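Protein chains get the first letters and strands the later ones, always in sequence-line order, with residue 1 at the start of each. None of the values given here were measured: they were computed from a predicted structure. Every heavy atom of this structure was used, including side-chain atoms; hydrogens, water molecules and symmetry mates were not.
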Amino acid sequence: MLVHTLKSFLSNQLTIKQAKQIHAQILISSLNHLQPLFVHRFLLSTSNYSTIAYLYVQQILYHLQKPDAFSWGCTVRFLSQHGQFEEAFSLYVKMQKLGLYPTTHAISSALRSCARTGGKMGGISIHAQVHRYGVCNCVFVQTALVDLYTKLADMDTAKRVFDEMPEKNVVSWNSILSGHLKAGNLLEARRVLDEIPKKNAISWNTILSGYAKMGNMDQMLLFFQQMPEKNLASWNTLISGYVEHGEIESARSFFDMMHQRNNVTWIIMIAGYSKCGDVKSARELFDKMRKKDLLAFNAMISCYAQNSQAKEALKLFDEMLTAGVGIQPDGVTLASVISACSQLGELRFGSWIESYINKLGIQMDDHMATALIDLYAKCGNIDKAYSLFHGLRKKDVVAYSAMILGCAINGKAVDAITLFQRMVDAHIQPNLATFSGLLTAYNHTGLVEEGYQCFNSMKDNGVVPSTDHYAIMVGLLGRAGRLEDAYKLIKSMPMKPHTGVWGALLLACSLHDNVEFGEIAAQHCFELEPGTAGYYSLLANIYASVGRWSDATRLRKNMERKKLAKVPGCSWTESA
DNA sequence: CTAGGGTTAG
């Protein structure tokens, strides 16, 4: 009976709130009789559980009686194996504060957690403790240390620990191998590979992923063909290599060739199609998956959000929640969902999402926070955006760009420029999106010369302006009445201008009643988007404002003949 | 217990 209760507790996907309720029930019920050790054994044999639920069991154990070092060790290992690295580490620290002598299981798992999260301070302090406890002779602990230092990109220390190991196994060798590849030293890695006494598939795959990341596809394929031992991960590494370097067709042909695939395989392909904008192919593969997991949904939802199909993203998210799929979203899901809401200007959804995050007990991470910064800024709540920005653990180029654009569209050009300066001081390389925000700031305030300077400085930063950047510049020059300069800029474009560019010029011409460039701009807009009535109206207005009534009438008649109705005004701040 | 292949925001 007790076991049954526990089992249903663990196999359900629980929210924090539900888990808390059950937690309380268990505390006052008969589960008090269960021995911690028994519960741990049971947990380790169960494969279908929710990690959140496990955390609560751990707390329950703590309430029942003082758990021993073994129980703590099991818990740390469990969390580390389920991706809950921060929790694993903090549990390890707690265990030590209680004066318990950590097991090698606990130490190696805690080290693994630090390695995965890049927890440098934590990892090094565990290393120091290991010295004190004198458990340095355990292969698992030493290998975990080697891996920690390779992941921290400290190859000198990694090598020192490795060389001092009295006993090494394949895992130790593979760790040092991946360290050399992380340092970009493929030759050294190949040399080490020959030294490994008993190589396994992972050894080969590690080198293969090295070739994949170097970008030499021919060498990668050659190595793959020569590998004496291949498994599913080898194939996945191969197609992931092609995807990363934009060769989606090659990836697909190997995908089709595979006699066996797993979710990793499918997700690599879905993400690959997403990156090159082929939403249709991505969805086709997604539909063919038989057991879609959380990461598959995340990949597909992100695919929609990143390819401007926000409504589809929200639709799929809704399906995930309601259609009995039985998968709980995580922070990754929500980051994409927030992005979709932002594209739709859906503040209502945004605040709903925030309460949803609280309900599920999902930890706010930088990805989600950055998405929220963008959402709040676009809805005019710049203060909220700022406070989220200041709360970020690491401010990277994406966060800065979101904040800069946020300031720009809220008329805070000075703030945007200050942020950009701070970003440069922090040695963060600006990219295309950063400059979109910055140029928008200049555009908003009409600072033509400064904007021009900024635009020209892009190439000094190794960034080539995109069509969108030209569009903003045309808008900036045009609004200032410098229509000829704007036209010259368009003529100098190395790529074909889209309607955003010509439309910006047309709009500027209607602002300044300029027929000469207005006609040229309108002509291009008509060709590119013959079905959009707005361009005809703009040109007709220009004609009318300079008294060329017959031309205006001719254009309006032309519109009627083409059955172009005026598109009703639509604003992104308005909910659909 | 320690190693390779999957999703994340502008």
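- Aromatic rings of Y470(A) and F455(A) (six-membered ring for Trp) have centroids within the 6.0 Å cut-off, being under it.
- Scanning for side chain to side chain contact (heavy atoms under 4.5 Å, CB included) contacts around A299(A) gives I267(A), I270(A), with sequence neighbours left out.
- Checked for salt-bridge contact, K378(A) and D374(A) meet the test: a charged N lies under 4.0 Å from a carboxylate O.
- Applying the 4.0 Å criterion to OP1 and OP2 of dA3(B), one finds that R112(A) has a side-chain N or O inside that range.
- Per the geometry, NE2 belonging to H180(A) stands 17 Å off P belonging to dA3(B), to the nearest Å.
- For the pair R261(A) and F255(A), the cation-pi criterion (under 6.0 Å, within 45° of the ring axis) is fulfilled.
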Under 4.0 Å protein heavy-atom contacts per nucleotide of nucleotides 4-10 of chain B, with B for base, S for backbone only and - for none: BBBBBBB
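- Between H105(A) and F140(A), the gap from one ring centroid to the other reaches at least 6.0 Å.
- Atom-to-atom, OH of Y149(A) to C1' of dA3(B) comes out at 18 Å; the value is rounded to the nearest Å.
- In the interface, the side chain of T143(A) is paired with the base of dT2(B) through a donor and an acceptor atom under 3.5 Å apart.
- Remark: the N200(A) side chain and the dA3(B) base include a donor-acceptor N/O pair separated by less than 3.5 Å.
- Salt bridge E354(A)/K384(A): present, at least one basic N to carboxylate O contact under 4.0 Å.
- Summarising the geometry, the separation between CD1 on I126(A) and P on dC1(B) is reported as 18 Å, rounded to the nearest angstrom.
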